Amino acid sequence: KERDFDGAIAAFKDHILNFPESPYLANAQYWLGEIYEFRGEAELAVKSFETVVNNYSKHNKAMDARYKLGKPYHKQGDNKRAVELLKEAAQSNGGAGAKAKAYLKDKSL
């Protein structure tokens, strides 16, 4: 609410480091990615979203992370990886599914 992004990053990293068995690790990684994306730190955002996809593939944030990853891969010219991630995200029933479908259609992928 107060946009204390530095404080939020520190808190999420602290949680990840100090509570390795926490059921909230996927959420912490995902929200780190959101913050980094918002701040324009694309490499760090991709790293966080990749962690969600690779380590927590069944978590409810995994489809959102796939959608979030598809866009930068597309922008970097890696259409194969972008389409793979976006098509996976498009299979979900949530908001990520609708966004991924729209992105694929809009970009003719």
Side-chain angles (χ1 to χ4, degrees):
K1 217 173 182 181
E2 297 174 14
R3 294 188 176 252
D4 178 11
F5 295 122
D6 291 332
I9 289 170
F12 286 130
K13 286 182 173 182
D14 183 63
H15 183 83
I16 291 164
L17 182 65
N18 292 313
F19 303 99
E21 301 300 320
S22 168
Y24 303 109
L25 290 178
N27 282 328
Q29 286 290 347
Y30 178 83
W31 287 107
L32 273 174
E34 285 281 0
I35 293 169
Y36 290 138
E37 181 181 55
F38 181 82
R39 290 172 43 151
E41 298 176 63
E43 287 181 34
L44 292 172
V46 166
K47 184 178 176 183
S48 291
F49 293 135
E50 285 280 4
T51 298
V52 175
V53 170
N54 293 333
N55 296 349
Y56 311 100
S57 64
K58 302 293 184 200
H59 191 273
N60 63 353
K61 285 295 185 193
M63 288 300 184
D64 294 297
R66 285 179 176 87
Y67 166 69
K68 291 288 189 168
L69 283 169
K71 296 186 303 178
Y73 277 110
H74 175 244
K75 289 176 185 173
Q76 295 169 0
D78 189 348
N79 288 346
K80 181 180 178 189
R81 181 73 174 135
V83 168
E84 176 185 304
L85 288 161
L86 291 165
K87 283 186 174 181
E88 288 174 5
Q91 294 175 10
S92 71
N93 294 326
K99 290 176 189 175
K101 288 174 192 167
Y103 191 91
L104 286 163
K105 183 178 179 184
D106 184 54
K107 303 298 182 188
S108 301
L109 296 174

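In this text, all values refer to a predicted model and were calculated from it rather than measured experimentally.
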Spatial distance of atom CD1 (Ile9) from atom CG (Asp4) [nearest 0.5 Å]: 9.5 Å
Are any of the side-chain heavy atoms of Val46 and Tyr36 separated by less than 4.5 Å? no
Does the pair Leu25 and Ser22 meet the rule for a side-chain contact (heavy atoms from CB on, under 4.5 Å), with working shown? CA-CA 6 Å; Leu25 290 178; Ser22 168; 4.1 Å; yes
For Lys47, check side-chain contact (heavy atoms from CB on, under 4.5 Å) against everything at least two apart and list the hits. none
Compare every heavy atom of Arg66 with every heavy atom of Ala89, then report the nearest pair and how far apart it is. CB-CB, 4.0 Å
Do you know which two heavy atoms are closest between Pro72 and Leu69, and how far apart they sit? CD-O, 3.1 Å
What verdict does the side-chain contact (heavy atoms from CB on, under 4.5 Å) test give for Asp64 and Phe49, after you've listed the backbone C-alpha separation in whole Å, the side-chain angles of each residue and the deciding distance to 0.1 Å? CA-CA 9 Å; Asp64 294 297; Phe49 293 135; over 6 Å; no
Closest approach of Leu85 to Gly70 (non-hydrogen atoms, all atoms of both residues): CD1-N, 4.2 Å
Nearest heavy-atom approach of Leu104 to Ala90 is CD1-CB, 4.3 Å
Working to the nearest 0.5 angstrom, can you tell me the gap between His59 NE2 and Tyr24 OH? 9.5 Å
Side-chain contact, heavy-atom cut-off 4.5 Å: Arg3 with Phe38? yes
Provide the closest heavy-atom pair for Ser92 versus Gly97 in the form atom of the first, atom of the second, distance. OG-N, 3.2 Å
Please confirm whether His74 and Tyr103 have ring centers closer than 6.0 angstrom. yes
Where is the tightest heavy-atom contact between Ala65 and Tyr30, given as atom of each residue plus distance? N-CE1, 3.9 Å
Just verifying a value: how many Å separate Met63 CE and Lys58 NZ, rounded to the nearest 0.5 Å? 8.0 Å
Report yes or no: do Val83 and Tyr73 belong to one cluster of Ile/Leu/Val/Met/Phe/Trp/Tyr joined by side chain heavy-atom distances under 4.5 Å? no
CG/Asn18: more than 12 non-hydrogen atoms of other groups inside 6.0 Å: yes
Does atom CZ of Phe5 have more than 12 heavy-atom neighbours from other groups under 6.0 Å away? yes
How about Thr51 and Leu32: do any of their side-chain heavy atoms sit closer than 4.5 Å? no
Same cluster (ILVMFWY, side-chain, under 4.5 Å), Phe19 and Tyr56: no
By the salt bridge (charged side-chain N to carboxylate O under 4.0 Å, His left out) test, which pairs, at least two apart or in different chains, include something from residues 30-40? Asp6-Arg39, Glu34-Lys68, Glu37-Lys68, Arg39-Glu41
For Asp106 and Ala102, indicate whether the former's side chain and the latter's backbone hold a donor-acceptor pair under 3.5 Å. no
